[in-house]
Every structure is written in C-alpha cells, then in structure tokens.
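Side chains are part of it too, since the values below use all heavy atoms of this structure and drop only hydrogens, waters and symmetry mates. Residue numbers begin at 1 in each chain, while the letters A, B, ... track the order of the sequences. Everything quoted here is computed from the prediction, not taken from an experiment.
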Number of protein chains: 2
Amino acid sequence: MKTKDNKIPEATIKRLSTYVNYLGRLGTDSNPVISSEILGESCQVSPAQIRKDLSYFGEFGVRGVGYDTKKLEAEIKDILGINHSWPTTVIGVGKLGQALLNFDFFRNHGFRIIAAFDSDPGKIGARITDEISILPTGDIEKTVNEKQISIGIITTPADWAQDVADRLIAGGIKGILNFAPIKVKVPDSIILRNVSITSELDNLAYLLTQKKRQ
Amino acid sequence: MKTKDNKIPEATIKRLSTYVNYLGRLGTDSNPVISSEILGESCQVSPAQIRKDLSYFGEFGVRGVGYDTKKLEAEIKDILGINHSWPTTVIGVGKLGQALLNFDFFRNHGFRIIAAFDSDPGKIGARITDEISILPTGDIEKTVNEKQISIGIITTPADWAQDVADRLIAGGIKGILNFAPIKVKVPDSIILRNVSITSELDNLAYLLTQKKRQ
DNA sequence: CCAACAATGTGATAACTGTCACACAATCGT
DNA sequence: ACGATTGTGTGACAGTTATCACATTGTTGG
C-alpha cells in the first residue's frame with residue numbers, strides 16, 4: 001500500500017470503514033466484482049465520492065469493470081490497519097463494557113481484547129472468557145505495559161475517566177476510545193477518539209426540532 | 001430563540017452539545033459567568049469557534065463580561081431542543097440496550113424512555129422500571145403510535161435493524177438513532193443518525209497505523 | 001482487429017467550515 | 001466622567017472537503 005499524501009480527510013476514513021464493513025458482509029461468491037455505483041448505493045455514498053476516497057491511496061479498480069470485491073476489502077483493511085490484531089483492553093465492566101466484551105466485531109476484525117478492568121471489588125476476579133478475568137484498576141499501568149496493549153476503551157462513569165486515561169498512558173497505551181461523557185485530556189502523542197452518545201442524541205433532537213419549526 | 005440561517009454546520013451542533021454538557025456539570029454558584037476562553041479550554045475548542053457557533057443563533061453574551069452560565073445553558077438547550085422531554089424507546093435489550101436504559105443521561109436531559117422491545121421470548125415481560133416492561137417487537141408499530149413516541153434507539157444485531165426501523169416508521173416515529181453496524185434505509189422524512197462503534201475503532205486503528213508508518 | 005461500451009481515476013470547481021483580526025459594547029478604577 | 005481594560009460578535013480570508021465532467025483504459029461482440 002502506498003500513501004500518496006498524508007492529508008486524508010477524516011470523513012474519508014469513516015467512509016472506508018463503511019465500505020469494508022459492507023464488503024465483508026457481501027457474499028464474494030455471488031459478487032466477485034463490484035462497481036462504485038453499486039457499493040455507493042448500499043453505503044449511501046455517491047460513486048464519485050467512493051472513487052475519490054480510494055484515489056487517495058492508489059488505484060484498486062479496473063476501468064470498465066469495477067473492483068475485485070475480496071481484493072478491495074483486503075486493500076481497505078490494509079489502509080485502515082485492521083489486517084492484524086490490535087491488543088485491546090476495556091476499562092469499566094458495566095453494561096456498556098460488557099456489551100463491548102461480547103461484541104462479535106472484535107473477533108472478526110482487527111481488535112483482540114486481552115484484558116478487562118473494573119474498580120468494583122465485587123466484580124474483580126470474575127471471568128469474562130477463558131483468557132480474561134476482571135482486574136482491579138490499580139493494575140492498569142502494569143498490565144498495559146507487560147502485555148503491550150495498544151488500545152484502551154474507557155467505559156467508566158465520567159468521574160473515573162481521566163484517572164483511567166492517565167493510568168493507561170502511564171502504562172504506555174497508544175490509543176484511547178472514550179465512551180465516558182467527558183473530554184479527557186491526553187498528551188499529543190496519544191491518539192484519542194470520543195464516542196459521545198449524548199452528543200448523537202442531542203443532534204437528533206436538534207434535527208427533529210428544526211423540522212418541527214421549519 | 002431566533003435562527004438566523006438554516007445552514008448550520010453539523011460540527012457546530014456537535015460542539016453545542018459539548019458546551020451544554022460542560023455547563024451542566026459546572027457549579028453555577030461558583031461560576032455565575034463564563035468566558036469563551038474558559039469554556040473553550042474545558043471543551044478543547046478555540047474561543048473564536050465558540051463565539052462563531054453561538055453567533056449562528058443570536059447574541060447570548062455580554063461584551064467585556066462573558067456569558068451567564070445558567071442562561072447560556074438554557075439557551076443552548078433551547079437551540080438543541082432538549083429543554084423538554086422527547087418520548088423515546090429502545091429496541092433490543094441486550095447489554096448495550098440495558099446500558100442505555102440505565103443511562104443517567106436520559107433522566108437529566110431531554111429524553112424519556114417510555115418503552116423497550118426485544119424479540120427474545122425469554123425477555124418479554126421482564127420489568128425494567130416501574131413503568132417499563134419489555135414488549136415483543138411485534139408490538140412496535142402499535143405502541144409507537146399509541147404512545148406518540150418520537151425517537152427510536154436501535155440496539156439490535158445487524159440482521160434485525162432494518163425490520164425494526166421499518167416497524168418504527170410504520171408506527172410514526174420521527175427520528176432513529178441506530179447502533180446496529182449496518183446502514184438502515186429510511187425515507188427522507190425520517191431523521192436518522194448512526195453510531196458506528198466499529199467505525200470509531202477503525203479510525204483509531206488508522207491513526208495508530210499512520211503514526212507507526214510515518 | 002476494431003468499434004462500441006462500461007466504469008475508473010482525477011483535475012478543476014464549487015461549497016462548506018474554521019481562523020483571525022478587530023470593531024464594538026460593557027465594566028471598573030480613579 | 002472618562003480612559004483603560006476586558007471579552008463578545010462578525011466580516012474577511014484561508015483551508016478543507018465534496019462534486020462534477022471527462023479523459024482514460026480495459027472489455028466484449030461482431
């Protein structure tokens with residue numbers, strides 16, 4: 001894979017994720033080849049947008065024909081860096097944390113959860129899978145460091161999120177996905193993404209209100 | 001509230017949500033007034049951006065002084081349309097659905113969950129709260145219609161999401177927040193927002209990969 | 001072998017979003 | 001009363017992202 005330029009729009013990455021997700025669901029036997037037109041219809045993106053998105057990274061299609069479904073999926077996975085397993089941990093084994101721990105996605109894609117933490121003494125020691133049992137949050141630094149964990153997913157209440165983030169960073173984490181409804185502060189060297197459910201709902205409320213007012 | 005223009009950037013709405021969230025956490029007693037500088041620091045947004053965002057909707061501050069904390073919070077809630085309760089339902093009472101049902105956010109903000117659905121016969125009838133027990137998915141149309149539910153949150157597996165969306169729409173739903181990892185299709189009249197956890201993780205993986213490669 | 005066709009890749013252009021500088025209004029101290 | 005100070009509101013500008021048209025390249029049928 002070659003990266004022509006390093007200024008790729010974030011929206012492009014988001015769409016690539018959509019494409020690869022759809023391609024993965026597609027029966028490759030019945031659809032060995034796919035056009036930007038068809039892919040765009042399924043992903044609700046214009047064909048031109050798809051071609052533009054892909055053009056940032058190279059040429060993956062055949063003119064007059066389309067894209068080899070399986071090959072395109074592999075190429076995008078390579079671009080996104082989900083063609084191998086990222087060692088991942090979940091901190092906060094509440095309902096949301098459990099949902100993520102059970103999430104099939106991780107098994108099929110580029111993420112491997114290898115540790116889980118919680119601050120509730122009642123939960124510590126409980127087995128999640130054969131390999132994972134819940135560890136106390138005090139062990140975060142040590143475990144992240146020892147097991148070379150790259151990604152931390154924070155699913156604690158807001159009040160704990162910053163402390164957890166600090167511990168992850170102390171342990172040498174590379175990236176954090178934060179579900180807590182608060183903006184945690186991290187050094188520039190750490191990649192941080194926030195998932196704000198409240199924000200999404202607020203957005204929905206706004207759009208509904210707009211429609212009502214218009 | 002006056003809307004000067006109807007072309008508000010989506011990013012602005014997302015940030016407004018952040019602002020109001022932060023303002024809500026702030027002790028108004030100790031901080032009766034706040035400047036765009038301070039608010040920006042907390043929300044990790046530039047002061048100019050905050051003022052620009054607010055300027056789309058009117059003038060809420062006092063020059064040389066700042067913003068009345070409580071008043072600004074109320075104004076933004078009014079803009080977003082979360083100053084009243086939206087009747088909401090959750091479909092799919094797995095771990096993620098349960099997380100949302102227990103989520104404090106709803107109680108404090110503009111959303112009131114008044115029904116929950118699942119397709120698992122073993123779950124149907126189980127009480128969530130005094131008011132809510134789990135209903136079969138077959139009852140979605142009727143319940144949404146009767147209770148005038150505005151917002152549906154889909155937390156089912158991917159395979160069920162489109163069917164659930166169709167039922168919600170048949171019942172007269174206004175907006176859908178979709179957590180299922182698939183793009184559901186809805187008519188233009190329905191507001192749809194997707195929360196894609198996979199997409200966020202893919203994005204994280206991409207950024208980590210970039211850093212490694214650079 | 002060549003013409004008709006199909007679908008990609010991309011430069012040019014338009015639309016959108018964020019940044020910046022500064023005019024302006026309110027307050028405070030003397 | 002008034003100059004100094006503070007922090008908002010906004011027009012102009014810069015940067016970014018999406019759209020469009022079409023040149024390009026491979027395929028297929030006669």
*asked:* With nearest nucleotide decided by heavy atoms, which residue, Glu10(B) or Tyr67(A), maps closer to the 5′ end of DNA chain C?
replied: Tyr67(A)

_Between Asn102(A) and Gln98(A), a side-chain donor and acceptor under 3.5 Å_ = no

*Kindly indicate whether the side chain of Arg51(B) and the base of dG9(D) share any N or O donor-acceptor pair separated by less than 3.5 Å?*
yes

*asked:* Would you say Asn145(A) and Glu141(A) are linked by a side-chain donor-acceptor pair, where the criterion is simply a distance under 3.5 Å?
replied: no

*Among the candidates dT10(C), dT16(D), dT10(D), find the nucleotide nearest to the side-chain atoms of Ser55(A).*
dT10(C)

*Write down the distance between CG (Leu72(B)) and C1' (dG7(D)), rounded to a whole number of angstrom.*
14 Å

*Whole angstrom is fine here: how far is it from CD1 in Ile38(B) over to P in dG7(D)?*
8 Å

*Using the closest heavy atom to pick a nucleotide of DNA chain C for each, name whichever of Val65(A) or Pro9(B) lands nearer the 5' end.*
Val65(A)

*asked:* Rounded to whole Å, how long is the line connecting atom NZ of Lys52(A) with atom P of dG9(C)?
replied: 12 Å

*asked:* Rounded to whole Å, how long is the line connecting atom NZ of Lys14(B) with atom P of dT17(C)?
replied: 14 Å

*Under 4.0 Å between a side-chain N/O of Ser36(B) and OP1 or OP2 of dT8(D), yes or no?*
yes

*Is it true that Lys77(B) and Glu73(B) make a salt bridge, defined as a side-chain N closer than 4.0 Å to a carboxylate O?*
yes

*Glu37(B) atom CD: more than 12 heavy-atom contacts under 6.0 Å*: no

_Residue whose nearest DNA chain D nucleotide is more 5′ - Gly64(A) or Arg15(A)_ = Arg15(A)

*Can you check the Arg63(B) CZ to dA23(C) P distance for me, whole Å?*
12 Å

*asked:* Just the rounded figure in Å: distance from P of dT17(C) to CD1 of Ile8(B).
replied: 10 Å

*Will you find, in the side chains of Asp53(B) and Thr12(B), an N or O donor that is under 3.5 Å from an N or O acceptor?*
yes

*Starting from P on dA23(C), measure out to CD on Glu59(B) and report it in whole angstrom.*
18 Å

*Quickly work out the Tyr56(B) OH to dT19(C) P distance and round it to whole Å.*
11 Å

